[in-house]
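Shown next, in structure tokens, is the structure this report addresses.
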Amino acid sequence: MCSHWSLVLFTLLVQSVVGNVWCIQLAFFFNVCRTDSLYFRYQIIVALGLVLLGLVAAMAHLGTATASINAAKNIKRSWLSREIIAVNFFAGVLVIITALTFIKPEFLNSWIMLGESVIGIIALFSMIRVYLLRTVPVWNHVQTPLTFLGSALLLGAVSFSLSLTFFSLTMGIGPETKKLAISQEIAFAVMSIGFTLKVFAAGRYPFWKAANIEPSMQMQPVMQAIGFFLWAISMLQVYRSEYLFGLLSLAAIFLVTGEIIHRIRFYNNYKRVGL
Amino acid sequence: MGFMWKRPAFILDAQICTGCKTCMVACKDKNDLDSGIRWRRVVEYCGGEWVALPGGTFHQDVFGYYISMSCNHCEKPICVEVCPTGAMNQDENGIVTVDQTRCMGCRYCEWACPYSAPQYDPTMGRMSKCNLCRDELEKGEMPSCVAACPTRALTLGEFSESRSGQVLHQPMAPLPDDALTSPVVFVKPHKNSKPVDSRAGIIANPEENKDV
């Protein structure tokens, strides 16, 4: 199979931004985030930067990137065409939201983020369907949607929590302490759900249909378990800022590294029926 | 334009195919294909071993046969289904071709096709594939692979006539289940052919069939 680094980056970055948007929406729901706040603007900028990076990575995968303007021409039948449109639409709305935070913040409200959250669901769904190919049994399995959804929640929570903590503790522009703590609890809950889905997906992995199982890839569950444990400890320090960012960063390193390893394994295990 | 087939279909007699690969070379020559790009591939499938019998004797069940396979221009072409740009398309004669002005080289069709028909051309950054030598068919000639076959193991027929029972077709390993894409191809079985999902043998020449 061809080199898949660009797809590893694309899928992880886009899924992390989708999860990040969901976390922001939850923060609005629990009334711990405001659209006119400086930290919201910076969080949106981080999300936009990550999704644009993901799109650049996707273009790097193409043999003739200039022909990608044709990518919407088979939307009737091709899930890849639908995914390209959905992800670009998701990124486009994020561009508009980012611009509004600077130009007309009064136009922003939690309904816009809800709309973007729904577009994120559609983008993630179409991304999952791309890989449910009837001729690739190892991907055409329940572990694919579980893995992708788990990654979105886990990475989204990581980027949401880290960026919020950074803005609060380093730049001093975060929400008040109590709201910051609630935001961190939201992120931890989302990350826990994502981690649980990943564990469940790993337990249902169709190893017998995979191309190969590399021993180094078994590090992924260990690293993510360590990351989960560190994050859980950080929740005990959520009111003590001097430890919070350090613990969260360490947890993030383990979790993100585990995700990268897992995604590489996903592509390495590609095995098609037939010739 | 001369005679044109309604729905042409390759017919392979695996019983007499010797695996000489003349068909593969003829295709590469006619289409000027670069090294590593194989619109037609010859797969050697073999297996078997010594089996101990009661009384201390041994019996061998070694088998081997060749399958020459290109694009099967399927009834349910998964490449056409998945292509995001519509570059993969099927014409009124059932021939699946790639419109290289539209192709962006995402290789999704390569992931999907169970016959390895779409082949990525790294110099062009686009996919390429067998087009059943449509230009030859329109002149009333045979595709170059069919014309070159020295044993006449590889021939061409009308899909409707062949399907009506005149050609015995049996899917066999290592080919995938016909139900996946309904290939428009007929493979007359070898006497030792194994069923589609058999794990009795291996592809003995993977290097000649791997993707670029």
Side-chain angles (χ1 to χ4, degrees), chain A residues 1-4 6-7 10-11 55 57-88 126-127 129-140 144 208-209 211-212 266-275, chain B residues 38 41-43 45 67 69-70 72 76-89 99-117 120-128 171 173-181 183 196-197 203 206 209-212:
Chain A
M1 192 180 175
C2 62
S3 168
H4 43 247
S6 52
L7 292 178
F10 166 69
T11 54
L55 289 175
M59 296 287 273
H61 169 71
L62 301 176
T64 307
T66 49
S68 60
I69 52 173
N70 297 315
K73 289 190 177 173
N74 197 19
I75 190 172
K76 275 189 200 169
R77 299 176 73 178
S78 169
W79 276 105
L80 181 57
S81 191
R82 294 166 188 163
E83 184 218 45
I84 290 167
I85 292 168
V87 171
N88 279 281
S126 52
M127 194 181 279
R129 287 304 307 259
V130 165
Y131 293 94
L132 297 182
L133 287 166
R134 61 182 185 269
T135 50
V136 186
V138 71
W139 286 353
N140 192 23
T144 297
W208 61 95
K209 294 178 184 172
N212 54 69
F266 177 83
Y267 285 105
N268 272 351
N269 282 339
Y270 165 84
K271 188 178 173 190
R272 193 178 57 211
V273 296
L275 301 179
Chain B
R38 293 171 283 266
R41 298 155 301 285
V42 177
V43 176
Y45 188 71
I67 298 178
M69 191 61 43
S70 71
N72 296 316
K76 294 187 292 182
I78 194 169
C79 57
V80 173
E81 202 178 298
V82 304
C83 177
T85 63
M88 286 290 182
N89 59 88
D99 180 353
Q100 293 184 338
T101 60
R102 281 192 177 189
C103 179
M104 61 182 186
C106 67
R107 306 178 76 165
Y108 193 33
C109 53
E110 186 184 48
W111 281 4
C113 176
Y115 300 99
S116 292
Y120 181 68
D121 187 338
T123 52
M124 283 200 309
R126 293 182 162 96
M127 304 306 292
S128 65
L175 298 177
D177 188 347
D178 278 3
L180 284 171
T181 61
V196 157
D197 55 356
I203 294 177
N209 290 283
K210 68 178 181 183
D211 297 333
V212 169

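A, B, ... follow the sequence lines: proteins, then strands. Residue 1 opens every chain. Quick note: numbers below take in every heavy atom, side chains included, and nothing from hydrogens, waters or symmetry partners.
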[X] to [Y] - nearest heavy-atom pair and separation:
{"X": "B:T85", "Y": "A:A67", "result": "CG2-O, 4.4 Å"}
{"X": "A:L275", "Y": "B:M69", "result": "CD1-CG, 3.7 Å"}
{"X": "B:P84", "Y": "A:S81", "result": "O-OG, 3.4 Å"}

TODO: Let me know which of A:T135, A:L133, A:L80 forms a side-chain contact (heavy atoms from CB on, under 4.5 Å) with B:V82.
DONE: A:L133
TODO: Would you indicate whether the side-chain heavy atoms of B:S116 and A:R272 approach each other to under 4.5 Å?
DONE: yes
- [ ] For chain A, find which of B:C106, B:A173, B:G86 contributes the most heavy-atom pairs closer than 4.5 angstrom.
- [x] B:C106
Task: Counterpart residues, ring-ring contact (aromatic ring centres under 6.0 Å, His included), relative to A:Y131 (two or more places apart) - done: A:W139, A:F148, A:F266, A:Y267, B:W111
Open item on the list: Between B:R102 (side chain only) and A:N70 (backbone N and O only), is there a donor and an acceptor less than 3.5 Å apart?
Closed with: no
Task: Top contributor to chain B contacts, counting heavy-atom pairs under 4.5 Å, from A:V136, A:T66, A:V130 - done: A:V130
Task: Residue B:V196 versus chain A: region with a heavy atom under 4.5 Å - done: neither
TODO: Measure the OG1-CE distance between A:T64 and B:M124 for me, rounded to the nearest 0.5 Å.
DONE: 8.0 Å
TODO: Look up atom CZ in B:R107 and atom CG in A:L62, then write down how far apart they are to the nearest 0.5 Å.
DONE: 11.5 Å
Task: side-chain contact (heavy atoms from CB on, under 4.5 Å) involving A:N74 - partner list, sequence neighbours excluded - done: A:R77, A:S78
TODO: Name the region of A:A72, side chain, backbone, both or neither, that has any atom closer than 4.5 Å to a heavy atom of chain B.
DONE: backbone
